[in-house]
Each structure stands twice: as C-alpha cells, then as structure tokens.
> 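Okay, here's the structure, questions in a sec.
A note on names: the letters A, B, ... follow the listed sequences, proteins ahead of strands, and every chain is numbered from 1. The model shown is predicted, which means the values in this text are computed figures rather than measured ones.
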Amino acid sequence: MTLVRETDYGTPLREAATTVTLEVDGKTVTVPTGTSVMRAAVESGVTVPRLCATDSLEPFGSCRLCLVEIEGRKGTPASCTTPAEAGMKVTTQSGKLARMRRNVMELYISDHPLDCLTCPANGNCELQDMAGVVGLREVRYGYEGSNHLHEEKDESNPYFTFDPSKCIVCSRCVRACEETQGTFALTVKGRGFASKISPGDMLFLDSECVSCGSCVQACPTATLTEKSVIEMGQPTDSVVTTCAYCGVGCAFKAELQGNEVVRMMPFKDGKANHGHSCVKGRFAWGYTTHQDRILSPMIREKITDPWREVSWDEAITYAASEFKRIQAKYGNDSIGGITSSRCTNEETFLVQKLVRAGFGNNNVDTCARVCHSPTGYGLKTTFGTSAGTQDFDSVDDADVVFVIGANPTDAHPVFASRMKRRLRAGASLIVADPRRIDLVRQPHIEASHHLALRPGTNVAVINAMAHVVATEGLIDEAFVAERCDMASFNRWRAFVSEERNSPEATESITGVPAGSVRSAARLYATARNSAIYYGLGVTEHSQGSTMVMGMANLAMATGNLGRKGVGVNPLRGQNNVQGSCDMGSFPHEFSGYRHVSDDSVRAMFEEVWGVSLGGEPGLRIPNMLDAAVDGTFKGIYIQGEDIVQSDPNTRHVTAGLAAMECVVIQDLFLNETASYAHVFLPGSSFLEKDGTFTNAERRISRVRKAIPPKAGMADWEITLALAKALGFEMSYSHPSEIMAEIARLTPTFSGVSYEKLDRLGSIQWPCNDRAPEGTPVMHVDGFVRGKGQFMLTEFVATDERTTDRFPLLLTTGRILSQYNVGAQTRRTPNVTWFDEDILELHPWDAENRGINDGDLVELASRAGATTLHARISERMQPGVVYTTFHFPGSAVNVVTTEFADWATECPEYKVTAVQVRKTSKPSEWQATQDTFRDETTRRRDRSVNRV
Amino acid sequence: METEKMVHRANEIARFWEAYPHDEALEGVAGHIRSFWEPRFRRQLVEYAQSGGVGLHTLVLEAVRLVVPRPEST
C-alpha cells in the first residue's frame, strides 16, 4: 500500500463547449474556456506555488504566491483568478517572481511558529512545502514583532482542533464551509493584522459548524487538524473505499499506519461525493475499535442463559445443527434469514442464496422492508425498475428541486450540500414536510413553498398537484404521447381532474392552503427541469407505495424524466439499501427484481446453484414474526440488523423472537436483538473486508479491506461456513468471484466486474452490453417497462386516527450526528451532539400539557408507552410531535404500530396517534427491558473477547 | 397472523384497487396476494373467507378464489 494523493489542480474544472490553447513555460496546453491559468499550468505539468487556492474551491486571489508573467501584459497577475486565453504565453518562474514569492513567504513565516518538527502537519503542510519551493532562507522582519503565536487553541470539537497561532488567514476554511458544505459557519473576523478565522465569537462546538470536515481538509497548515493525526501522526498508507453510513455512498481514503486507521479522508475522485464528507463518514469511525465489539463467537441454549464463548467451528456447527433440527421438527419453511443493508452486495447475495438454496425456502427479507420497499414497488410498477432515475450530479441541472418527506441536511448531508449549492445558484425549492426542516430556510436558501402537510396526507397533496397540472394545461402532451401508456394516462387524467382532488377540496384534509399547492404545482410543471427527491416521509405510510406512484405519475405527466436535471429520486437511508434490494433480498424475487414464480428465471438459478428452488413467495420480516407467534416459524439468521430497535411495535417483535428456538445474530455488537439470540457470530466492519456497496444513485462502488477482520472472518466468510455446515457448500475464495456469479445471474449487473470497477472507479447499473460503462440517467430513450404506466392513486386515509385519548400525531426520523439504530454512532464522540432521543413538540401542545423544555414526558400510543425528554420547537406544527429512534433506551418503537403500506408492509412510522404527558419515571416497558437486558445480554461470561 | 391483522392487510390492498374497474380490481387484489403473500397466510385468508370472512372487503372475498396456494407448497 502507498498513500494515495490526488492531484490538486488549484482551481475547479470548467466545463465548456470550446477550448483555448496557450503556452505555459513553453509547453502547449489546451483547456476548456474559462479554465484558470493556474489549472492550465498544472494540466501542462507545471505547478505554480500557491496557498489560498485548491481545486475544490473557487479562486480567491489572496495569497499572492501564484503570480505569473504573461507575455504582452503588465504586472504579475494571480494565476488562480486569471482565465486562460488563446495564444497566451505564460511564464511561471523568473527572478522577479521568485523575489516576490519569497517576500510573501517571509511575511507569512514572520507570524508563524517555527515548530515544524513537532507540528502535527509535519510532512503534510502546504506552508512548509511553499517555504521550500520559494527557497525561503531568512525572515528579515524577525519574530519579535506583533504576532498571533499565543492565540488560544479551540479544542472543543471532539474531532479536530483549531490552532489560530498557525493560521495564515487564507480563507480556505471559510470558503469550504460556504461553497462545499453550504453552512456558512465560519467567517474572517476583523481586518488587516487583526483578521482572524472565527466560528462566530464562540467555540466551534457551540457554533453552527456541522463538523463535516471540509474546513480541516481545506486547511493548508496545521491550524485545523484532526485530533487523531495529532495523537498518532501522519498516515503512511491509504486504501480507497466506500463509507458505510448513509445511501450517498461517499468514497473515502482510509488513511493508515500499519493496521490502525489514522483518519478517513473523502476521496476527491469519488463520483458520489466529489471529495466532500459529513461528520459520520469523516469522523465517526471509532466504533470499529470500540470496546463493546465482540470478537469471539458465543452460544447459549436459552436466552436466559449467560453467553458462552466458543470457537468459530463450534458456533457454526451449533447454529447449523439447530436449523436442521428445527426444519426436521417443524418443516422446511420454519426458518429464514434477514440480509443486511449495511453489508456488501456480495454478502447480501450469499445470505439470500443460503436461504433459498440452503434452507430450501424463500423466507428471506431485508431492512428495506421497513424503509424503501414502497420505492421498489412503486417505481417498478410505473417505470419498470426498482430504482431512482438519476445520478447525484443531475441536481446541477435542476431548475426546481422538489423535496418530499426527506431531510437531506440531516440524513444525506453530502448530497444536501450539493443540492444547496444548486439552490444558491438559483434553482427553486419546494419542500413538502410536516416539519419545518432546516432546508426550508438556510443561509442564502429559502423554499419558494413549504407545503406543511398533515402527516398521512401525502397522496392527497400529490393528487392535488396533479389536478392543477391536468386542469391548467400543464401536461407535457408530447412526452406522454411518445413515452407513456395512453390508456392508463387518460384514466389517470380523468381521475385527478375530478374536483374532489383539487387543492381546494383537499385543503381540509392536508392542511395545506390551496393557493400554495397551486403555486407549487405550477412551479414544478413549468420549469425547464424539475426533480423530485424523496425519503422515508413518503414511503413509511399506509399509502407509501401509492405516493411513490403518485410522484411517478406527476413526473411523467410533466415530462420530467429521461434527462439530466429531472427524475424521481429516492434518498436511501442505509449505505447498501439499494444493493440489498438488487441482490434478491426480498422474499418474492431473485436478484434483478425477478419474481420467484418465473420458471425460466428460477431454472437459471437452479442450474448455477445446483438445487431445486421454490416458486412461492417467502415470508416478509413482519410475517416471520407473525408466524413465530403462531408457532410455525422457529429459527432465523440475522446478518447485521437490529430489528428489536428498528422495527415497529417492539412488543410484537420481541414476542416473535422469544417464540423462536434458534436466533443467530451476526453483528459487531450485542445489539438489542441479541438479547433474544442463541448464537452470536462476530461480524466485520466495512474496513475489514472486500466487496461492493450500491448507493441511492445505483452506483456500485468498491469496499476495500484496509485492515484484517478483527474477529478473524469477514461476514461473507461466515455465511460460507454456515452454508457448508448445513450441507450446502458455496465455494468462493474472494468476493470478486461472488460478483462474477451475480453478474452471470443478473442482467442489470452482467457487465460488472471488479476489474471494471477498479478501472472506472464506480459503475451505475444497468451495466451490460447496451451500457458497458453503466447508466447515470435511466429511461432516456424509453421506460424500462416499455411505456410509462400511470396508476390511479386514490387517497385513502390511514386507519391510524387521532382520538380524545391519543390526540397528537407522532412522526419519527433521524438527525445528523446519529445513524439508524445508533449501534455505530452511539459508540463514537458523536454523542457529544446528541446522546438521547428527544421528543419535539409545538409550544401550544406543550403549554396545553404544562410541559416545559427539558421535562421528562411519557409518549403513549395504543401500542405502548415510553419516556423521553421534551424539546419545545416551532419547527413542529401544532398537533404533531417528532422524535428519533437512535437510542435503545428510549424504545421509541414500543410506541409505533403495525399499520403498514398496503403493498409492501413498510411500517407507518410517520403516523402514530399518541398522547404526551409529564412524568417522573421510565415507562413500564423501559423498566422491564433494562432488567431483561441485564439478565440476558449483559450476563455473559467475563472472558468474552472484546477489542 | 392474528385474524384482525390479516383482515386489515387484505382490506388495505382492496382499498387501493377499488379505484379500478371491477375486473381489473379483482385481478389486482388477487395478483397482489398471489405475488406477495406466503402460502401459509394465503391459506389462512382463504380458509377465513370460506368460513364467512367477517370484515373482509368484498373485493377480497371475491379474489380469494384466485389465490389458493399451489397444492405442493407447504
């Protein structure tokens, strides 16, 4: 391994239809019109000294190091801010330039500590490099004058320090915060010698800083430095891999010393993130070495027994023998498995293969069941494929961005930054969300329309928008005629045109003023390019699939599909939700979304796998639990999921698990579900294995092993061992061989290989003979299903209604610093920002109940009750309360119900009728669960091997 | 599956498809249950419908005759 260092071209790449040719130090170079002289120089192989320029930021022209001479021009212009022109003859080095640069460096160094040998940036400091490049040999001004050398460090942020004594006020951090991240938390305070970088006259930790790390990355000195680098020193090796947090799928360099990670640096050539990151991917990787990690397999006969540490062989043999025993006693269909959206495509493929071919049934499901399964159903029905239509770069061409039921600044922060950049450049924004999410009003961004609908009324809103489009002549008739099924379109047009679907008629249902709906619909329909981005606020409803189809209808009717800047784009929650679905994790379909009842498809798999396969759909996760309670489902293999914490109606989940005779958990930690497990197989983190993840834009990216598996086996190897013990041997020596099988059996992946992934960096499926390098934008020449299918989307109110007993509506979601069930982020310093789930409620609702900010409150529904601390927030609308589910102690899913999407059984997390009242003690559930955990999970052998 | 839950699940499917003409709705409901419901729950639904099907949407009651699991499935 070596340390990967991307070339810094000094200024950003320009895209232009024309080019210019110039000479730099006698070398001819041709660049796109608008390219800076600095970048042209780098393109020609000449590096101009610089400090304030870096190619992730617009040129600033402040450091005066990058001066050049241009034939026929007066003076010495800054090469970063001077556009290259045809015929230019540029000289980057001369006696005059050298003297000027040395003078500049003298000034910088006269107010800089001379502690290079003990500085954390030693060996990776641009100031140090430039001092060397310009040949600085003395500082004539001395070091005794006024200086900043005794400025106090700000070490408040858990991940990086701010040492103003080392700052040269180049503004790269300020510009990174503005241009790259879009938070505007930093500024240059004061003028001249007094100028200083400031997060707003407060500590970094108390400021608006979101700890994305872009300022640290941009800093050319040691002013902003990762604490891990200060502690460990500069990395010596790096491995390019993919983040294991959200569905953006950022590319990172895992920078190492030996087998220890020093830091995670966003990879500039990553096509999903283009060198940007968020607090989770950049900094919250400490869980991989957290002391809670279990490193030895464990078994126990009963869940009330203490865990017993055993060898891999004993654990695997025990699990296999139990599964065989159960099948012999209760029947072939009495066991199943759950694949993980946090594991790789290859691992997911293996688990579903193990279930279908090894267990001999189709009882396999994945956590997409509880998040984006309606996306799969809705988009496949209307467009023909279960995936978003665009790449992330497409947002750069959007003129209207319509965000529905998503909170990208918290849940998909790197894409949110990209989106915000486009919005700052002038695109319009429509937000449909019950809460006033941050995106509604941000620095230099304000939504044109915030449709603050009542939870559960998405479909009524989208139908009302469609009504406006259909009745005001805003349909793209040519697009529809050419691309869509006309019979379904005509029926849909008649349906949405009915007066009952008008904004005026639905206003009393949705709570959104009719005028706002009309204006938003007109804005969406009349823009050159309008793009829909949506999240779980769409899918996690009783009409989740209906809403996905409603959005697809609207996009088709207005011609907003099949090119850049448009589309229907799901923002996926976990890193490999798309991939886990692609890989055949759903009980009714094989990889590539082909139904198990299709004889020809089944025959293809049977030939390769060498076994007979079932043609009936298997059990979904909630059905597995139902069947367990019924007594017909007795064993489960769960890879990397924590259904006790993440799935709805915890009482039902735990009742189902408790009724099983063999629960096998494969995970990094003893999670909540492990309390009900009989076998624990220690998993591997994303740093410890090879594979691929597929992000929300269908981008397949390599996960590369940076360090060995801490427990000895990668997750794919564990599944192989289990399969072998069950008598269904699967033989692969490397995940690349698994991908080769996936490609052989999955038409949309037929052109994918590790060799091609290494060559191209990443690939968006479909990747096949028709698209050998992948497909950034889908449905360009026609829909995958042929003609686009309009579906009727009648609004059907959820049966979850408010009552006198439960008069409020609860909706759940996520926050920036925590991730999903928090198993990873809770075990990092991210708890500095958020260490418990909080209940947000509107001041009116709080006042009516005598609740003050910070009070402990009981949150109760017909399913159960829990307690949380309250935060009074005007982000909420009256009658609606909100919380997250990141912490097991808060047990929020004890409160959510089993009402679910009609098509996919995706739970209706976004609508639960609740009551809130002050309390002084934990709920009964919380008290009993604490006791239960103490008696089971935590009562294990003291010799358990941990990190 | 608890009967009440099963009835609710099945009726929710019918409530989506009832926007369509009857024959299309019938096939929509039946096709959905055939494609996505595991045989033991299809069987439970059929048996419940055949025993009177209290609370089931009329479309579900009609559709169940189309969703009987294959005899060979367990």
Side-chain angles (χ1 to χ4, degrees), chain A residues 330-334 336 360-363 365 373 377 381 459 488 491-492 495 542-543 545-546 549 586-589 595-597 614-620 622-630 632-633 649 652 791-799 897-905 908, chain B residues 1-48 51 54-74:
Chain A
Y330 299 103
N332 203 52
D333 297 338
S334 60
N361 61 49
N362 288 319
N363 294 336
D365 206 0
S373 50
Y377 182 90
T381 303
V459 172
S488 69
R491 188 156 61 183
W492 172 83
F495 161 71
S542 63
Q543 284 202 288
S545 292
T546 311
M549 292 186 283
F586 288 137
H588 65 282
E589 56 195 11
H595 202 276
V596 293
S597 63
E616 290 280 11
L619 292 166
R620 296 165 167 177
N623 304 146
M624 292 179 195
L625 298 164
D626 291 331
V629 171
D630 290 347
T632 62
F633 189 83
N649 194 350
H652 183 62
M791 295 297 289
L792 299 184
T793 54
E794 187 75 63
F795 170 67
V796 179
T798 174
D799 287 334
T897 74
E898 288 182 88
F899 279 169
D901 173 45
W902 67 270
T904 65
E905 295 189 52
E908 193 168 41
Chain B
M1 194 185 307
E2 290 169 7
T3 302
E4 188 183 352
K5 186 194 289 188
M6 178 191 69
V7 169
H8 188 258
R9 290 266 191 274
N11 287 354
E12 288 284 281
I13 298 166
R15 288 166 81 190
F16 173 81
W17 284 105
E18 68 185 356
Y20 283 81
H22 180 265
D23 288 351
E24 220 171 317
L26 194 59
E27 180 47 39
V29 174
H32 192 90
I33 292 172
R34 256 196 322 263
S35 295
F36 299 109
W37 282 37
E38 201 254 4
R40 79 190 78 180
F41 294 122
R42 293 213 315 264
R43 194 173 299 113
Q44 183 185 351
L45 178 66
V46 169
E47 287 169 3
Y48 181 73
S51 67
V54 175
L56 283 175
H57 194 287
T58 52
L59 268 176
V60 178
L61 285 169
E62 282 188 75
V64 288
R65 59 188 163 79
L66 304 173
V67 303
V68 179
R70 296 177 191 180
E72 69 271 22
S73 63
T74 55

> What pair of heavy atoms forms the shortest contact from R40(B) to D333(A), and how long is it?
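Shortest heavy-atom separation between R40(B) and D333(A) comes out as NH2-O, 2.8 Å.
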
> For a quick test of reading the model, state the closest non-hydrogen atom pair linking W37(B) to P617(A) and the distance between them.
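Nearest pair, atom of W37(B) first, then P617(A): O-CG, 3.4 Å.
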
> Salt bridge (charged side-chain N to carboxylate O under 4.0 Å, His left out), that's the test. Do E24(B) and R491(A) meet it? Break it down for me.
CA-CA 13 Å; E24(B) 220 171 317; R491(A) 188 156 61 183; 2.7 Å; yes

> Go through it in stages, so that I can follow the logic: the residues are M549(A) and F16(B), the test is side chain to side chain contact (heavy atoms under 4.5 Å, CB included), and I'd like the CA-CA distance, side-chain angles, deciding distance and then a yes or no.
CA-CA 12 Å; M549(A) 292 186 283; F16(B) 173 81; 3.6 Å; yes

> Which label fits W17(B) and W902(A): parallel for a plane angle under 30°, tilted from 30 to 60°, or perpendicular past 60°?
perpendicular

> Measure distances from N361(A) to the heavy atoms of chain B and classify the residue's part below 4.5 Å as side chain, backbone, both or neither.
neither

> Please step through side chain to side chain contact (heavy atoms under 4.5 Å, CB included) for the pair E38(B) and L619(A), ending with a clear verdict.
CA-CA 6 Å; E38(B) 201 254 4; L619(A) 292 166; 3.6 Å; yes

> How far apart are the closest heavy atoms of S542(A) and E12(B), and which atoms are they?
CB-OE1, 3.8 Å

> Is T632(A) in contact with chain B via its backbone, its side chain, both, or neither, using a 4.5 Å heavy-atom distance?
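For T632(A), backbone and side chain are both near chain B.
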
> To check you understand the geometry: which heavy-atom pair defines the closest contact between H595(A) and S35(B), and what is its length?
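Shortest heavy-atom separation between H595(A) and S35(B) comes out as NE2-O, 2.9 Å.
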
> Contact part of F36(B) toward chain A, heavy-atom cut-off under 4.5 Å: side chain, backbone, both or neither?
both

> Drop me the distance from D626(A)'s CG to R9(B)'s CZ, to the nearest 0.5 angstrom.
7.0 Å

> For E898(A), is it the side chain, the backbone, both, or neither that has a heavy atom closer than 4.5 Å to a heavy atom of chain B?
both

> Given heavy-atom pairs under 4.5 angstrom as the criterion, report whether the side chain, backbone, both or neither of M624(A) touches chain B.
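Contact with chain B: none, neither part.
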
> Heavy-atom pairs under 4.5 Å with chain A are the metric here; pick the option from E18(B), K5(B), E2(B) that has the most.
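Top option by heavy-atom pairs under 4.5 Å: K5(B).
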
> As a quick check of understanding, evaluate side chain to side chain contact (heavy atoms under 4.5 Å, CB included) for Y20(B) and M791(A), giving each step before the final call.
CA-CA 10 Å; Y20(B) 283 81; M791(A) 295 297 289; 3.3 Å; yes

> In terms of heavy-atom pairs under 4.5 Å with chain B, which of V596(A), N362(A), D630(A) leads?
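So the answer, after comparing V596(A), N362(A), D630(A), is D630(A).
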
> I'd like to know which of D799(A), L625(A), N363(A) tops the heavy-atom pair count under 4.5 Å against chain B.
D799(A)

> Measure across A19(B) and E794(A) and return the closest heavy-atom pair with its distance rounded to 0.1 Å.
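Shortest heavy-atom separation between A19(B) and E794(A) comes out as CB-CB, 4.1 Å.
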
> Evaluate the salt bridge (charged side-chain N to carboxylate O under 4.0 Å, His left out) criterion for residues E616(A) and R42(B): first the C-alpha distance (whole Å), next the side-chain angles of each, then the deciding distance (0.1 Å), finally the verdict.
CA-CA 11 Å; E616(A) 290 280 11; R42(B) 293 213 315 264; 3.0 Å; yes

> Given a strict heavy-atom distance threshold of 4.5 Å, which part of Y377(A) is in contact with chain B: side chain, backbone, both, or neither?
side chain

